[in-house]
2 protein chains.
Amino acid sequence: PSFIGKLAMMLDDQTAAPYVAWSSTGDSIIVINPSLFATQVLPRYFKHSNFASFVRQLNLYGFHKTSQESETCEFAHPMF
Amino acid sequence: PSFIGKLAMMLDDQTAAPYVAWSSTGDSIIVINPSLFATQVLPRYFKHSNFASFVRQLNLYGFHKTSQESETCEFAHPMF
DNA sequence: GGGAATATTCCC
DNA sequence: GGGAATATTCCC
């Protein structure tokens, strides 16, 4: 599966829910704790565990960061 | 390290010796059992365990297959 | 946040 | 065996 396919699988994965989820409005992705998410979840779906590489892919596929806090991280897509 | 750096490390790695080595003439690389090499050695150095991906990199860096047998696999570099 | 380099995959 | 697409890294 492509990046978008893996992103969908990840957001569907109950064991990943503590680390990443759709926002309550359903129009963006929230990463609850980027560094834990990177080590615990990323390697299950990608060939790396770097949050920056995940963000690079999000950006390539049209997502951009919307929240300003550093602890949680939210990405919206203009199509929503 | 780059691909060539990892290749050098791998050929230096005693635990990898049963799977991959310099030829006796020192001018090419011999993979003794490609499928075992792929599963046992590749993931220690690269983000995959596919022999074809390793060969793709060898080709990109100027190595080409010289032996015809399928069980062992030899790659020479024109610089040697 | 994204351009470019390199790695990995896919396909001919 | 290599071109092209995609992923990952590196760097600005």
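Worth saying up front: this structure is predicted, and the values here are computed from it rather than measured. To find a chain, count down the sequence lines: A is the first, B the second, and so on, and within it residues start at 1.
Atoms CZ (B:Phe54) and C1' (C:dA7) sit 13 Å apart, rounded to a whole Å. At whole-Å resolution of the value, CG in B:Leu7 and C1' in C:dT8 are 16 Å apart. Between B:His48 atom NE2 and C:dT6 atom P the separation is 16 Å, expressed in whole Å. Straight-line distance from the NZ atom of B:Lys6 to the C1' atom of C:dA7: 8 Å, rounded to whole Å. For the pair B:Asn59 CG and C:dT8 C1', the computed distance is 14 Å after rounding to whole Å. Nucleotide C:dT9 holds its P atom 12 Å from the CZ atom of B:Phe46, rounded to whole Å. Rounded to whole Å, the distance from CZ on B:Phe3 to P on D:dT9 is 17 Å. Atom CD of A:Gln57 and atom P of C:dG2 are 13 Å apart (whole Å).
Considering only side-chain N and O atoms, A:Asn50 lies nowhere under 4.0 angstrom from the phosphate OP1 or OP2 of D:dT8. Between C:dA7 and B:Tyr61, a contact under 4.0 Å exists linking OP1 or OP2 to a side-chain N or O. Close to D:dT9, at under 4.0 Å from its OP1 or OP2, lies no side-chain N or O of A:Lys47.
DNA chain C is contacted by both A:His64 and B:Ser53; A:His64 maps to the nucleotide lying nearer its 5′ end (nearest heavy atom per residue). Summary of the strand contacts: A:Pro1 and A:Val55 both lie near DNA chain C, and taking for each the nucleotide with the nearest heavy atom, the more 5' one is attributed to A:Val55.
Two residues are said to be in side-chain contact when any heavy atoms from C-beta on lie closer than 4.5 Å; A:Phe63 and A:Ile29 meet this criterion. Here the side chains of A:Asn33 and A:Phe37 are not in contact, with every heavy-atom distance at 4.5 Å or above. Taking the side chain as every heavy atom from C-beta outward, B:Leu36 and B:Tyr19 approach each other to under 4.5 Å.
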Would you tabulate the side-chain donor-acceptor contacts of residues 6-13 of chain A under 3.5 Å, counting partners in other chains and residues two or more places apart, or write 'none'?
{"residue": "A:Lys6", "atom": "NZ", "partner": "A:Tyr45", "partner atom": "O", "Å": "3.3"}
{"residue": "A:Asp13", "atom": "OD1", "partner": "A:Thr15", "partner atom": "N", "Å": "2.8"}
{"residue": "A:Asp13", "atom": "OD1", "partner": "A:Thr15", "partner atom": "OG1", "Å": "2.8"}
{"residue": "A:Asp13", "atom": "OD2", "partner": "A:Thr15", "partner atom": "OG1", "Å": "3.3"}
{"residue": "A:Asp13", "atom": "OD2", "partner": "A:Arg44", "partner atom": "NH1", "Å": "3.2"}
{"residue": "A:Asp13", "atom": "OD2", "partner": "A:Tyr45", "partner atom": "OH", "Å": "2.6"}

Distance-only criterion, 3.5 Å: show the donor-acceptor pairs between side-chain atoms of residues 49-58 of chain A and protein atoms not counting sequence neighbours.
none

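In this view, B:Asp27 and B:Ser23, B:Thr25 satisfy the side chain to side chain donor-acceptor pair (under 3.5 Å) rule, not counting sequence neighbours. Not counting sequence neighbours, the partners of A:His48 by the ring pair (Phe, Tyr, Trp, His ring centres under 6.0 Å) test are A:Phe46.
Although no hydrogens or angles enter the test, the distance criterion places no donor-acceptor pair under 3.5 Å between the side chain of A:Lys65 and the main chain of A:Phe75. With hydrogens and angles ignored, the 3.5 Å screen pairs a side-chain donor or acceptor of B:His77 with a backbone N or O of B:Tyr61.
Among the nucleotides C:dT9, D:dT8, D:dA7, the one closest to any side-chain atom of A:Ser2 is D:dA7.
Contact check of residues 36-44 of chain B against DNA chain C (heavy atom, cut-off under 4.0 Å) returns no residues at all.
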Pairs under 3.5 angstrom, nitrogen or oxygen only, protein versus nucleotides 10-12 of chain D, please.
none

